[in-house]
S.K.: 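Next up is a structure, given as structure tokens.
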Amino acid sequence: MNSKALRQSFLDFFESKTHKIVPSAPMVVKDDPTLMFTNAGMNQFKNAFLGTGQAPASRVADTQKCLRVSGKHNDLEEVGHDTYHHTMFEMLGNWSFGDYFKQEAIEWAWEYLTEVLKIEKHRLFVTVFTGAPDENLERDNEAAGFWEKWIDKSRILEGSKKDNFWEMGDQGPCGPCSEIHVDLRSDSERAQIDGKNLVNNDHPQVVEIWNLVFIQFNRKANGELEKLPAQHVDTGMGFERLAMTVQGKQSNYDTDIFQPLIQEIAKLSGKTYGTNEPADIAMRVIADHLRAVSFSIADGQLPSNTGAGYVIRRILRRAVRYAYTFLGQEQPFIYRLFGVMQSEMGNAFPELQKQKDIIEKVIFEEEQSFLRTLSKGIKILEQAIAKIKPNGQNVFSGDVAFELYDTYGFPIDLTELILKENGMTVDKAQFDKALEVQKNRSRQDAVVATEDWTILDETAQTEFVGYDLLETQSKIIRYRKITAKGKNIYHLVFDRTPFYGESGGQTGDKGYFETANQRVEIIDTQKEHGLIVHLCNELPQKLTGEFHLVVDTRKRLSTANHHTSTHLLHFALRQVLGTHVEQKGSLVTDTHLRFDFAHYQKLSSDEILLVEQKVNQLIRDNANLSEHRDMPIAQASQMGAMALFGEKYGDKVRVIRFADSVELCGGTHAPSTGQLGVFKITVETAIAAGIRRIEAVVGEAAQKYIWNQLDFLNQIEQKVSTGGDTMKQLDTLLDENQRLKKQIEQFQKQAARQLKSELKAKIIDNKGIQILAELVHVDEAGMLKDIAFQLKGEIQSLALVLGAEIEGKAHIAVMFADSLVADKGLNAGQTVKAIAKHIQGGGGGQAFFATAGGQNPKGLPQAIEEFKKMLMN
RNA sequence: GGGGGAUUAGCUCAGUUGGCUAGAGCGUUUGACUGGCAGUCAAAAGGUCGACGGUUCGAUUCCGUUAUUCUCCA
């Protein structure tokens, strides 16, 4: 069975068990501060488990794109070295939300594996939770009992808390789990060692394929477990491993999911897969990482230097490193593989197809930039090696290696490799120590203590009323304290609120809430697991009862104006530049908007003007907002509503329309476009390959911006103009300035020539040395230098000192002819230092020319006398 | 969010006890050689040494602030 059919068979099977099939959520997580990437199939249902959101149905199944770069069994640095670890993978899963529990979950898992896929029963083992006395938890006899219906007791193994008790994190829903393992070894190997001894032992052919989690507890912040009112099932089956099992392969990388990619890598690099271990590893690394990076970019997460973008950058760079070292690729290479991946997976994941150009461009650009980083690092490393090598030293400083890594991004394993070629090693302990120091510093900075929610009303849900109201009466339903950097912040959730929580690029509302005798400021509003969280610096004295919630109207309206103008801008860009313009990022505040979008080149000033005109026309047309809050998604897309890649949409969506601009959007908007006033683009720049950024202002912010510009212009006009053409006058001024500068230069040269001929007359011949020691009048220290250099060119065996008082300070220049320096060992630097003591200063320079300065001009004659004395004897 | 680095000619970069008329290669312009092109040789133009402030007789160089950017960590 090929992988495509396999994926479909899973979904079909659970559909037949009345599960609702839902699409994969984006791989990049947006509204969960504890998570950057979807790392398990259950992520998109987290709110349902936490009780803060609704599941799409009581029975659900899907295949979910996941990304893991760290965790107990998954370190990025290990991917590619074995046959079964990945960064990006698909997770097949079925869920029950308060519906069926252990019995059905076990029965159907067994049925699917053995009846549908016909996996041989004698290859399967299952595990159940053995219990944990320290937590007062018994063995999961329930699950074991159901298993005994299907599988021999001897194949039911017990696992400890580490393997068979699943937790989402330090806090939250959890429960015992039951895993299904498959033994793929040959008959003879299996006869020698019983498979059950290899379960959970990191054997590449005895692997876990399915984990059935039975969620029955909630872990509180103090570590206690409490029983949940409703019980859930959460299962996850690694698609790549399942494909390996079904296709009878020894490695995930041998399945039809990876082979086309690996064969393309082999072809392009002129190697053969399976003939050389390091090259094989490199090919697996590249195949795996290309998938991860491509899907991430398709979901809107570009490589960058912070957060999720940084993780993506690291993954891509690891691939480049392997391609560089083991496949000899010194030019961008990985982007050329995307075509194959797209033709293999594009059907199941249309986002790859649609964004081919941008994904290739971004990968190419990243590769190129990292290869530059590498060559720079190699240069620095080679210099460092050249410095210590002659000393016979063969241990390279870990601190220097760390600096190379930390500051220049040069990977430590490359440092080690290059050192090895030079017969050296790196002090790894020192390196690790430096890294540890840096990690601690960062961790210290980020330390945040989160207390448990105090729940005042168990049953209440939050209602958002902010589309219609800016103030309302409400009650607190839960609150908690957060401590970060010695500051306390309180999170409050109300049963109804007009406050918009930050999402979709739009910043959260500010405002306050009050009772008869107290008023508490709300400094920000955020969304977390579907809750609208109000941030305050203090708690009200009394937490129960009614509060009056009031949104900062001015800020909200200005934010709404900027959000509406973002839609108009998006629309105008597509009209002016073409429909390849896709939103890649958006920030909407009360002072400006920032809009990132796919486009291949800098916008010309004509294009910017056209976009501005278009948006302002739309504003003047004064189109009314037409809002649909619960439109079926099919109907919305029929209307031509623009949806975003990397966004998760439910069945019902909110549609925002202004004239022909139609978008899916949860933000707040102006009632009509006329309210926006005027729109002005302030910045247009590139942020990544194929991605441009526009910043703009609208309404009051635009007025302020324009007035500032006009005021600036005014000031310039007043400074330079006596009325008439300011531009022309500026040109004249600049020309004149240039001309005068040249003239001054001429005059100074002439003055210097004059001075020079006067000075020449004062030269004293002392035993063949032409001594010139004079006090002169010049306006600028540079002139002393000029004269000195000119005389040097004209007079043989010159020994010169010139002194001058300029702006109350003493300046001295000393010049010796090259012959004097070479033959007599004269040194201008030392000489100038010696005589500078008379002017209370210091100086220096080279052997043939030096300068000094001092605070005491009265000492100049003595300094010059001393110079004469030094040379005369 | 925290740490480290970079910013010098159109481009890529050198430049250490603070004083070198701030340099190189490529590119540009001009001239010579050549029938023309390519090329070779010679010369020239091109710099607020990111911005602001401080220390100093003197700052591209040291210190602080800031902007931009790279990089590591979270």
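The chains referred to below are lettered A, B, ... by the order of the sequence lines, with proteins before strands, and numbering in each begins at 1.
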S.K.: Could you tell me whether the phosphate oxygens of B:rU21, OP1 or OP2, come under 4.0 Å of any side-chain nitrogen or oxygen in A:K792?
M.R.: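 False: A:K792 side-chain N/O out of range (4.0 Å or more) of B:rU21 OP1/OP2.
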S.K.: Are there any protein N/O atoms within less than 3.5 Å of an N/O atom in nucleotides 48-52 of chain B, and if so, which ones and at what distance?
M.R.:
none

S.K.: Taking only residues two or more places apart in sequence, or in another chain, which ones meet A:R313 in a salt bridge (charged side-chain N to carboxylate O under 4.0 Å, His left out)?
M.R.: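 Partners of A:R313 under the salt bridge (charged side-chain N to carboxylate O under 4.0 Å, His left out) test: A:E366.
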S.K.: Report the residues that fulfil salt bridge (charged side-chain N to carboxylate O under 4.0 Å, His left out) with A:K46, sequence neighbours left out, ordered by chain and then residue number.
M.R.: A:D32
S.K.: I'd like to compare against my own output: the B/S/- annotation of nucleotides 57-74 of chain B with a strict under-4.0 Å heavy-atom distance to protein.
M.R.: BS------------BBBB
S.K.: Going by the rule side chain to side chain donor-acceptor pair (under 3.5 Å), which residues pair with A:E382 if we only count those two or more places apart in sequence or in a different chain?
M.R.: none
S.K.: Kindly write out the residues that satisfy side chain to side chain donor-acceptor pair (under 3.5 Å) with A:S397, not counting sequence neighbours, or none if the list is empty.
M.R.: none
S.K.: When you compare the side chain of A:L67 with that of A:N39, does any pair of heavy atoms fall below 4.5 Å?
M.R.: no
S.K.: Under 3.5 Å, which donor-acceptor pairs do the side chains of residues 425-441 of chain A form with other protein atoms, sequence neighbours left out?
M.R.:
| from | atom 1 | to | atom 2 | distance (Å) |
| --- | --- | --- | --- | --- |
| A:D427 | OD1 | A:A429 | N | 3.4 |
| A:D427 | OD1 | A:Q430 | N | 3.1 |
| A:Q430 | OE1 | A:G398 | N | 2.7 |
| A:Q430 | NE2 | A:D399 | OD2 | 3.1 |
| A:Q438 | OE1 | A:R441 | NH2 | 3.3 |
| A:Q438 | NE2 | A:D406 | OD1 | 3.0 |
| A:N440 | OD1 | A:R443 | NH1 | 3.4 |
| A:N440 | ND2 | A:E436 | O | 3.4 |

S.K.: Could you give the distance separating B:rA74 and B:rG15 at their P atoms, to the nearest angstrom?
M.R.: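 Here B:rG15 and B:rA74 have their P atoms 33 Å from each other.
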S.K.: If you measure from the P atom in B:rU61 to the same atom in B:rU48, how many Å do you get, rounded?
M.R.: 15 Å
S.K.: Is RNA chain B part of any stem, that is, at least 3 consecutive Watson-Crick or G-U pairs with both distances under 3.5 Å, and where?
M.R.: B:1-7 with B:67-73, B:10-13 with B:23-26, B:28-33 with B:39-44, B:50-54 with B:62-66
S.K.: Between B:rC26 and B:rU40, how far apart are the two P atoms, rounded to whole Å?
M.R.: 9 Å
S.K.: Can you list the residues that meet the salt bridge (charged side-chain N to carboxylate O under 4.0 Å, His left out) rule with A:E403, with sequence neighbours excluded?
M.R.: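 Applying salt bridge (charged side-chain N to carboxylate O under 4.0 Å, His left out) to A:E403 gives none.
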S.K.: Give each protein N/O atom lying under 3.5 Å from an N/O atom of nucleotides 14-17 of chain B, with the pair distance.
M.R.:
| from | atom 1 | to | atom 2 | distance (Å) |
| --- | --- | --- | --- | --- |
| B:rU17 | O4 | A:K833 | NZ | 3.4 |

S.K.: Rounding to an integer number of angstrom, what distance separates B:rA59 and B:rG53 when you compare their C1' atoms?
M.R.: 13 Å
S.K.: Polar atom pairs between nucleotides 7-11 of chain B and protein, under 3.5 Å, N or O only, would you list them?
M.R.:
none

S.K.: Not counting sequence neighbours, which residues clear salt bridge (charged side-chain N to carboxylate O under 4.0 Å, His left out) with A:K833? List them please.
M.R.: none
S.K.: Using atom C1' in both nucleotides, what's the gap between B:rA6 and B:rC49 to the nearest angstrom?
M.R.: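 One C1' to the other, the span is 13 Å.
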S.K.: Can you tell me the distance, in whole Å, between the CG atom of A:D399 and the P atom of B:rG3?
M.R.: 19 Å
S.K.: Using the six-membered ring wherever Trp is involved, compare the ring planes of A:F595 and A:F597 and label them parallel, tilted or perpendicular (cut-offs 30° and 60°).
M.R.: parallel
S.K.: Let me see the working for A:F849 and A:F816 under ring-ring contact (aromatic ring centres under 6.0 Å, His included), right down to the final yes or no.
M.R.: CA-CA 6 Å; A:F849 175 77; A:F816 291 133; over 10 Å; no
